[in-house]
Each structure stands twice: as structure tokens, then as C-alpha cells.
Amino acid sequence: MALIAILCIVAVILLFLYVYSSKNHDFWKKQGVKGPDPLPILGNFKDILLNRLSPGEMAKNLYNQFNDESMIGIYARSTPILLLKDPELIKDILIKDFNKFAARDLPVNEEIEPLSQNLLNLEPKRWRPLRKKLSPVFTSGKLREMFFLLLESGNHFETYLRKIVPKNEPIECRLLTSKFTMDVIGSCAFGIDINTLSDEENDFVRMGRKIFVLDFWRSIKAKIRDFSPGLFTLLGPIMKDEELDNFFISLIRDTMKYRKENNVVRHDFVDLLRYVKENPEKMDDVELTDTLIAAQCFIFFAAGFETSSTTMSNSLYELALNPSVQDKLRNEIQQVLNKSEGKLTYDNVKSMKYLHKVFQETLRKYPPATLLGRKASEKYTFSGTNVTIPKDSKVWIPVYAIHRDPKNYPKPELFDPERFEDEEINSRHPMLYLPFGEGPRNCIGARFAIFQTKIGLIKILQNYRVEECEKTPKEYVIDPSAFLLAPKEGIYLKFTEIP
């Protein structure tokens, strides 16, 4: 009898979970929006939860499956999410009706993840004044002022390459480029010589791995946070990563204190944050705690080194597979440098038109952020449709799928920088190219990322040819557990010095 009672209790629990998790599964059908049939408990996220597909790949599969639809209805467990395909509707969300979609769909749990309250994730109330105050450090004028720091890191990178290339061993490009970009971020943002090119195990390197290298446990935590926020809060104490939190909070607090006591001024990211903190009356009643300040440094560190290093390594991979493109790019680099007696300047980097096309095509094929998420701040009806979503509904824009759609980019698997000739760009809808997002909440550090990536590529290509080797992946397989788009295997290439 006891066994029967236990089985009955289990059956009741399972029935409750089935009913509760399926309660909204007719939402999109009532709206007349097509989409895949959801599963109880899992919704449409089975392959993501089982680490079979990344969210960007899942969205791309649905994008192709519902080829003739302007939007697709899916479910995260029982939560409806709208996947937008129509570029005009995307423009409405990101630009025209931005005030109704100013919030991202990313979870912020300040108690468990204090660094999550950063510019990427923050709700509009705190995001608006912070964005306004932080924007000056990312202008073209400020970038020109910081160019000597970028170049200094580039020269260190060049010295490091001279040490490792003669070993004549395959070089793992993701690791190589992350060392360069981490050095740049340390210098330009924090005024610190991180020295990753000679110190393999310093604290910055370890923190970088913690953020983006998801082991089994960290992957589980991320999935619980994203798909079951209530459970994440309940399990709070075992979900915290105090080492990561304390590192950035202590770093920014100690750096600001030292600069104030020693009258050190560098006009960098830390100085700007210090100014904002010391002038709270300009922040519209937003409390500027040490943790909130540290969270902004955290996201600049994380986004600044990982997105650029991934883009650099993906670009090198494509250049190795397409030697004619590589030769054309190297010729441009050499011609521009010859005109300036070998000196790399802000203006001659900007003048390298083909380099910019290579950069754009790399981000077209490999956008680091494969999805853009927004959350409605009020009830909203999409223009030209009868589809209405309630407040707090989530909307996804499938960047990776849009960039790989043959209707937008013929032969999308082909790496072709000529897609970014002015005439080609002008013929495409602007919402069909979104590597940095669009609208008021686009990537604040886009200019910095562009120059950082270009300097790294120039330093490699002016001296070395990159080629396939026996360890080069024959197929680019996306890592389903990675936070940003990244290959499952390393990108190994052969570097040969140019005489």
C-alpha cells in the first residue's frame, strides 16, 4: 500500500507539472502565429537544454522551417517568445518603437550575480543615465586619443608572435587572439599592464576563462538561471561565484582609491566611472554603489576581449581557407603602410577599405551575439498584423539566421567580402545586418571593437601568412554551450613568416 501511495503522489506531481508547463501552449495559436509544437515542461527548448544546439542554431532551424512567415511563436517551457523575421517589424522594435522595447530579455539577479547589473542587462531606469554618461569614452575622438595604447599592445603582440611562430607548431588562434585583446582591455580600460603575453596564469586570464569557458556545472547554472529564474533564486547560495564578483569589485574599488590618493588621471574608462560616482547628482536618482560601478567594468572587460578575439580568430580561419582574399588584404595593408613609412596610425587603419569589408563579412558569417532579445514594457500590436503581445512579453531577433539567409546573402556559406561594396550595402535593408545590434541600445563599444580587431589582424598579416594545417577543423561546428558564437574545437592554423 505504501508503494501505491508513493506512485500516486509521483503521478499527481507529474500531472501537475504537465498541466502547469502547458498552460500557455495555445497562446500563439490564438494569435494566429505559426510555430513548432511545444513539449510539456521543455517547450521548444529541448535541444538547447540537452546541449545539442546553441540558441542561434535553434532559431536558424525554425527560421528556415517556417520560411514564409514573418514571425514564429515558440515557448521557453510555458513562456511565449516571438521570433521576428520581417526586417520592418525588427526596425519597429529596435528603433521606431524602441521606448516600448527598451528592456532586454536577460535576467538580472543582483543578490546572486551582482555583476549582472551591467549596461548590457540593466532595466531602462538605470540603463538610460548610465549609457548617457559612459558614451563619451567610446566616441571617435576618444578612440583617436587612445590609439597609442592600442598600438602599444599591438607592438607587444608582434614581439610575442616572433617568439612563438619559429617553433613551427600549429597555433590555436582563439587563445592567441584572446591574449592580445585582454592586454588591450587591461591597458585602455583599467590602466593595467595585464601581461597575458608572458604570464599564462594571471588573475585576468583566469577570470576570462571563468566567464566564457562553461564547464558542466557552470552550464547547468546558466540554464537554470535563464529558463527557471525562480529555482535559480531558491538555490541562490550554491549559485554564487564569489571569486569572480570579489575580483572585479575589489579591482575597481582599489584602482579608484589609488588614483584619487595619487592624483592619477588617464582619461580612460575607470576615470569616467570615477567621475560619475563622484557626481551622483547627474545620475537621476540612481544609486551608484561600488557593485554597480564594478558591474560596468566587468561587462567592458568581458565583451571587449571575447567578442573581438573571437572575430579575429574567425577572420584568420576564413583567410586561411581563402588565400586569394588573404593576399588581397595583405597587399592593401602593405600599400598603406608603405605610404606612411611603415607607421601604423589611426587614419591609415581607417583608410583600409578592404580590411573593413573582411571585418564586416566575418561578422556577417559569425556574429558573436546570435540573438537579440527585447522585452515589451506595455501591451503592443505589431504594425500591419493582428498580433498583440502583453506587457513583459519577450521578442527575439535571430541575427545568425538573418545573416545566413540566402535571400539576404546569396550563397551564405561563401566568405565574400565584396558583399560589402557600397552598392551592395545600399541595396539591402539595414535590419539585415545586425552584428552590433541597432538603435539606441546597440553596442556601445562597437568603434573600439572594430579598431582593436583590425590592429590585431594587421600585426599578424603584415608579417605572416596563415594557412590550414593538419589540426585545422574541416567544418566549423558551433559549441552549443558557449555564451557567444564559438567553434566547438579550437581554430588551429599554421603561421609562416613572410620574407
Side-chain angles (χ1 to χ4, degrees), residues 24-25 27-38 43-45 47-48 53-106 120 124 226-227 363-364 367-409 412 428-443 485:
N24 288 329
H25 283 180
F27 179 83
W28 292 123
K29 187 176 182 180
K30 290 179 179 178
Q31 292 278 349
V33 177
K34 294 183 179 179
D37 293 331
N44 299 114
F45 281 65
D47 288 333
I48 292 177
L53 289 175
S54 67
E57 288 178 295
M58 181 202 78
K60 179 175 180 289
N61 289 345
L62 294 174
Y63 183 103
N64 294 335
Q65 180 183 346
F66 294 89
N67 186 50
D68 297 325
E69 303 301 317
S70 62
M71 53 181 69
I72 304 164
I74 60 175
Y75 299 88
R77 295 190 303 137
S78 61
T79 302
I81 298 176
L82 191 64
L83 200 67
L84 284 185
K85 295 177 60 178
D86 186 295
E88 283 299 319
L89 297 181
I90 292 171
K91 185 178 179 180
D92 288 346
I93 298 301
L94 297 182
I95 301 175
K96 181 182 175 183
D97 294 325
F98 170 76
N99 287 335
K100 299 175 183 178
F101 291 90
R104 293 190 185 273
D105 69 328
L106 300 170
L120 179 68
D226 294 344
F227 298 110
L363 288 180
R364 193 277 306 170
T370 58
L371 292 167
L372 299 177
R374 296 291 188 269
K375 187 165 64 173
S377 61
E378 59 184 74
K379 184 178 179 181
Y380 183 82
T381 300
F382 289 90
S383 177
T385 77
N386 295 319
V387 178
T388 299
I389 56 175
K391 179 183 177 181
D392 294 329
S393 293
K394 295 182 178 182
V395 176
W396 279 7
I397 298 164
V399 177
Y400 180 71
I402 291 169
H403 287 193
R404 296 291 186 109
D405 185 344
K407 288 184 290 188
N408 303 331
Y409 298 93
R428 286 191 296 266
H429 194 290
M431 297 299 108
L432 298 180
Y433 185 69
L434 297 167
F436 293 112
E438 191 53 82
R441 202 148 186 175
N442 66 348
C443 176
L485 185 147

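Under the 3.5 Å distance criterion, the side-chain polar atoms of N44 are matched with a main-chain donor or acceptor of D37. In this structure, Y75 contributes its side chain and H25 its backbone to a donor-acceptor pair below 3.5 Å. A donor-acceptor pair under 3.5 Å links the side-chain atoms of K85 to the main chain of Y63, judged by distance alone. Remark: the backbone N or O of I402 is paired with a side-chain donor or acceptor of N408 at under 3.5 angstrom. Between the side chain of W28 and the main chain of I74, a donor-acceptor pair closer than 3.5 Å is present.
The CD atom of E57 sits 9.5 Å away from atom CD1 of I48, with the distance rounded to the nearest 0.5 Å. Between F382 atom CZ and S70 atom OG the span is 9.5 Å, to the nearest 0.5 Å. Taking CD from E378 and CD1 from I389, the interatomic distance works out to 10.0 Å, rounded to the nearest 0.5 Å. K34 NZ to I72 CD1: the interatomic distance, rounded to the nearest 0.5 Å, is 11.0 Å. Between the CG atom in L363 and the NE2 atom in H403 there is a gap of 8.5 Å [rounded to 0.5 Å]. Atom CG of L84 sits about 15.0 Å away from atom NZ of K91, to the nearest 0.5 Å.
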Test side chain to side chain contact (heavy atoms under 4.5 Å, CB included) applied to K407 and N67, step by step: CA-CA 11 Å; K407 288 184 290 188; N67 186 50; 3.5 Å; yes
N61/D47 under side chain to side chain contact (heavy atoms under 4.5 Å, CB included): CA gap, chis, key distance, verdict: CA-CA 11 Å; N61 289 345; D47 288 333; over 6 Å; no
Candidate pair M71 and V395, rule side chain to side chain contact (heavy atoms under 4.5 Å, CB included), full reasoning: CA-CA 10 Å; M71 53 181 69; V395 176; over 6 Å; no
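Under the rule for a side-chain contact (heavy atoms from CB on, under 4.5 Å), the partners of D97 that lie at least two apart in sequence or sit in another chain are D92, K100, Y380. Residues that satisfy the ring-ring contact (aromatic ring centres under 6.0 Å, His included) test with F66, not counting sequence neighbours, are absent from this structure. Applying the side chain to side chain donor-acceptor pair (under 3.5 Å) rule to S377 yields no partners; only residues at least two apart in sequence or on another chain are considered. Residues passing the side-chain contact (heavy atoms from CB on, under 4.5 Å) test with D105, sequence neighbours excluded: K394, W396. Under the side-chain contact (heavy atoms from CB on, under 4.5 Å) criterion, Q65 pairs with L62, not counting sequence neighbours.
Considering every non-hydrogen atom in both V33 and G73, the closest pair reads CG1-N, 3.4 Å. The minimum heavy-atom distance linking P87 with L432 is given by the pair CB-CD2, 4.2 Å. For the residue pair V399 and P367, the shortest heavy atom distance occurs at CG1-CB, 3.9 Å. Shown here for R441 and A103, the closest heavy-atom pair between the two residues is NH1-CA, 3.9 Å. The two atoms that bring L53 and M58 nearest to each other are CD1-CA, 4.2 Å, heavy atoms only. For S383 against L89, the heavy-atom pair with the smallest separation is O-CD2, 3.6 Å.
Within the 4.5 Å cutoff, the side chain of P124 has no heavy atoms near those of the F98 side chain.
No cation-pi contact links R428 to Y433, judged by a cut-off of 6.0 Å to the six-membered ring centre and 45° from its axis.
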Could you go through residues 369-376 and list every donor-acceptor pair under 3.5 Å that involves a side-chain atom there, pairing it with any protein atom two or more places apart or in another chain?
none

